[in-house]
Every structure is written in structure tokens, then in C-alpha cells.
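This report concerns only the one structure given below.
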Amino acid sequence: MNPRLQCVFSRCTAWLLVWALVCLGAGCGVGQDGTGAAPDTQATGVVTGFGSVIVDGIPFDISGAEIAIDGTTGGTQADLRVGMVVTVSGTLAADGNSGSATGVAYESLLRGTLDSLPDGTTLFVLGQRINVDATTLFEGTGVVSAADLQPGVRLQLSGFHQADGFRATWVRVEAGAVTPQLSGFVAAVNLNANVVRLAGLDVNIGNAELVGVARNALAAGQLVRVTLQNAPSSGTAVATQLRLLGDGLLGPLRRLLLHGLVSQWNPTTGTFVINRQLVQLQTATPIDGGTFGDIGPGARVRVIGSRGADGVLVADRVHVYRPAIDGYVRGRVSQVDLAARQITLSVAPGVQIQVLPGTVLSDLTFAGGGLTLADLRPNDALLALGWINTAGQIDAGLVQRVPLLPPGAGIGGPVAAIGTDMFTILGRLVTTTNTTQFFSAQGQAQTAAAFFAALQPGDLVRAEGVLNSAALAASSVRRVP
């Protein structure tokens, strides 16, 4: 199997790029926009497209916005990329489907040299663990996935903080020199020793420029970015600058939409924390996509509700996301329905790929990565990852135009109609031969006999191969967890 495809497509349990929170509030501390309306919105999330800038499916007009890149104003839309996590300040239309931005801020998670790449889902940069998955977007000449990286390359990353490091949504290989930078939450402050501890490092700030915070105001829990003199060594580093960053929940916010991982779950009180925000479920809170029992530590959910004067978000609605990405198609575009926001690929003619408001639209065929449905043409090479809904269609989390990589087509999902050397996935017949490569869910090579002996209807499988008039002739098939 092509190693790039193996890295990009084998992780069925990957999280979607639609990690996001959208915060609707008032008094965000910015000026008025061109309509004269007082800004009332703060949206922090992943750039899912352009025209002007689309954040988690909501287009924001940025014609009058100030754009800041890592604290430096004067940026333009050309500085932004699909996959970056940004914070937009401005106003939101009454229907919630569009907005006008007065400010867009991008703060990189980390800049530095790749230390190691122990596997296809983990990078180490500046000693920090970076988790990537099938939906992480990569930018750089010849770079499609983590498999294309080599230790020593200089990287810039965007994404989200996790307990064990970072979750990357966008990774760029930098052509020039990179000054080491790292963001994180302050764990402890020792002013006598001129040290702050963050991201597992003791950072000396004795000669560092402090931006946005006074020395005696430094405290545990603050989100900061440090610019380092050199890469960390033996758990220590020396900072040349420390900048205080916001936490994405500024001002007296009225409405919030938060998307992320559950922590501090208390089923007795119905409370949990998501993106550092305490959430209270009510008895009548609707839970889409699952039940109360599906909420727990590490569950991925989206919460919509009102934030009271006590700072607690009272949930009006919760959506629970299934942990597995069980739908995958890759091949040529046969039809695009702009009105219905649906795409059909020739590899799965009976399956509609539904583009949702939060679907990430990306283009690997040119730098910048912006893509709209109107850009797609018949025979374009496309891949889609998402969830198979009750109608047997795919609710897409990622739709990406890609170079036509061999062997040309792929399909993944629950298997049915299993024969001695064939099966179907999403209605497409998949045939195998004595040259087909078989892999277990752990990536270990198998014989055809062992693969088919263990295969049961409903098992998740991904197949890559060549599409002919009758079937997908598989060059490789892989069980997925």
C-alpha cells in the first residue's frame, strides 16, 4: 500500500477537524464594524474555508477587519490557511449563518524543529508531544501527511491544547529559519528563581520581555506564549519574550457554542468541563447523536447554551459524536449538487457525501488550501472522511481535493455480502486477487485466508485499488478498529 495513503487513511478513530468553539457574546472589547453595530461575537475555531473567512462553517466578512498573526497586526487573508485555529471578533447575523469581523487573530501553537516521528500519529517538537490524525492538514512541497516529514525539518503548528501535549489541525514545513516558540498554560511561577513552568519545562524569564502582563501578575493557569533563545535542553529553556494570550472566552458572553473533549464529568450533577468552561446539563437538555450515558471523560461533544452571571454554561442542546470515522471514499467527482451541498464520487455512485456547515473543505493541489463546492469539477480527484448516517450516506467532516495518487480509488465502511475473495462496502463490490495485500487493524500483514476467516458483516474495512466498470479491484485492504 502507498505509505502516504496508509498514514492518511488508516486511522478510523481520528478526530475530525471540526474541533471548535463558537462563542456568542457581548462587549468583546473591540470597535464597531461598518454597519455601526456594536461587536457582540467572538468565534474561536478552525478555518474551514474562505470567502471571506469561514470559521466552523460560518462565513465572516473580513473586509474591514484587522488581522493579527502571533500578536503582530497588519496581516491579510493571504496569511491565513484552511486548518488554522483563529479567533474572530465582530458581529453575527440574527440567523447565526454569517458574520462581520472587526478582528481576526491567529496564534500558532508551536514553532520549532521536528525532534522525532515515532509513528504516523505522533510528532515531537521542542520536546512536546504533537498528535496528528487523518484530518490534520499539511503544507509544504511534497508533504501530504506525517509520513513525508523527516527529523530536523522546521515546523509551524496550529491546533488545540491537550492534557498530553497538542492536537494539530494544521502543520506547515517552514522554508527558512524558525525562532522557537511555544504556547501553554502556566503550571507554576517562581519569581525568586525567575522561572515559570509550562508544558513540562522550567523556562527562565529573567531577561525576557513581558508583553501583556506585569512580572508580579504572572500566575498559574494563564495561557502564554514564550519565544525561546534555543530549543529546550534537559527540561529547561531560556525565554527572550513571554506574551500573555487570551483563553478564547473573553467578555460577558451571552451565548456559547463549544466543541471539544469532556473532562471532569460528574454524572450525578450533570456537569462537565469543555474547553475550560463549566457546563451544566438540565433534565430536559436534548442530546443528539447519543444518550446521557454516552457522555463521559474524553467524549467529543458540542454544547450550545447560555452562560450565566456565575460563569456556568447552561446547556440548551448537546450533540455527542461517535468516536469512529466509519465512512471514507476517494476517487473521481461525478456530480456536485450546489443547492443540496452534496457530492457524488464514481467509486460510490449510490452514496451522497453531505457537506455540513462545519465540514472542512481543503485543497492539496495548490498552496493556501482554500476550496469551495463551486470549485469542484467532474473528474477532480477527491477524498472524503466522515460518518455514515442512518440513510447510508456520509456526513462529511473533511472533503479534500487531492493529487491523483496511485492506485486511484478507495472506499471504506462496514462490509457486507462477504465471499471467498470479495465483499461490498457502501454498495461497491470489492474484489481481491493473489496480488492484493491484506492488513490487520494494527497494520500487520496477513494472508488472504486469515483476513477472510476473521471477517464478519459490519466489520470496518478500507480498500484501495483501481476502479473498473464492475468493481474496485483492490491492491490493498485493511481492517480498521
Testing the 3.5 Å rule here: is there a donor-acceptor pair between the side chains of Asp70 and Ser108? yes
Which of Leu80, Thr87, Asp79 passes side-chain contact (heavy atoms from CB on, under 4.5 Å) with Val104? Answer is Leu80
Going by the rule side-chain contact (heavy atoms from CB on, under 4.5 Å), which residues pair with Ala473 if we only count those two or more places apart in sequence or in a different chain? Thr431, Asn468
Interatomic spacing from CZ in Arg225 to CD in Gln181 - rounded to 0.5 Å: 5.5 Å
Can you name the side-chain contact (heavy atoms from CB on, under 4.5 Å) partners of Ile418, sequence neighbours left out? Val415, Phe423, Phe452, Leu455, Pro457
Under the side chain to side chain donor-acceptor pair (under 3.5 Å) test against Gln156, which residue among Glu139, Glu174, Arg81 passes? Glu174
Any pair with a residue in residues 406-428 that passes salt bridge (Lys or Arg N to Asp or Glu O under 4.0 Å), sequence neighbours left out, goes on the list, sorted by first then second residue, please. none
Going through the distances and angles, do Leu281 and Phe272 end up as a side chain to side chain contact (heavy atoms under 4.5 Å, CB included)? CA-CA 9 Å; Leu281 298 181; Phe272 58 86; 4.0 Å; yes
Closest non-hydrogen contact found for Gly413 with Ile388 is CA-CD1, 4.3 Å
I need the minimum non-hydrogen distance between Thr169 and Gly159, along with the two atoms involved. OG1-CA, 3.5 Å
Is the Lys NZ or Arg CZ of Arg478 less than 6.0 Å from the centre of Phe439's six-membered ring, within 45° of the axis? yes
Separation between CG (Asp395) and CD (Gln352), nearest 0.5 Å, reads 12.0 Å
Arg332 side chain to Pro378 backbone, donor-acceptor under 3.5 Å: no
Ser183 side, atom OG; Gln128 side, atom CD - distance, nearest 0.5 Å: 9.0 Å
In chain order, what residues pass the side-chain contact (heavy atoms from CB on, under 4.5 Å) check against Ser234, with sequence neighbours excluded? none
Measure up the Tyr106 and Trp170 rings against each other and bin them: parallel (under 30°), tilted (30 to 60°), perpendicular (over 60°). perpendicular
For Pro414 and Gly458, work out which heavy atoms get closest and say how close. CB-O, 3.8 Å
Distance, nearest 0.5 Å, that separates CG of Leu382 from CZ of Arg377: 13.0 Å
So, Gln437 versus Ser475: side-chain donor-acceptor pair below 3.5 Å or not? no
Can you give me the closest heavy-atom contact between Val329 and Ala348, atom names plus distance? CG1-CB, 4.0 Å
With heavy-atom distances below 4.5 Å as the criterion, would you say the side chains of Leu157 and Phe166 are in contact? no
Nearest 0.5 Å, please: how far is CD in Gln446 from CZ in Arg479? 7.5 Å
Considering all heavy atoms of both residues, which atom of Val82 and which atom of Leu361 are nearest to each other, and what is their separation? CG1-O, 3.5 Å
Could I get the full list of side chain to side chain donor-acceptor pair (under 3.5 Å) partners for Ser334, not counting sequence neighbours? none
From CA spacing to verdict: side chain to side chain contact (heavy atoms under 4.5 Å, CB included), Leu182, Thr227: CA-CA 7 Å; Leu182 171 68; Thr227 302; over 6 Å; no
Decide yes or no for Leu373 and Asp375: does some side-chain heavy atom of the first lie under 4.5 Å from some side-chain heavy atom of the second? no
Within the 4.5 Å heavy-atom criterion, are Gln342 and Ile353 side-chain neighbours or not? no
To the nearest 0.5 Å, what is the distance between CG (Leu155) and OG1 (Thr113)? 8.0 Å
Quick one: ring pair (Phe, Tyr, Trp, His ring centres under 6.0 Å) partners of Phe292, sequence neighbours excluded? Trp265
Nearest non-hydrogen partners of Leu201 and Pro232, listed with the distance: CD1-CG, 3.7 Å
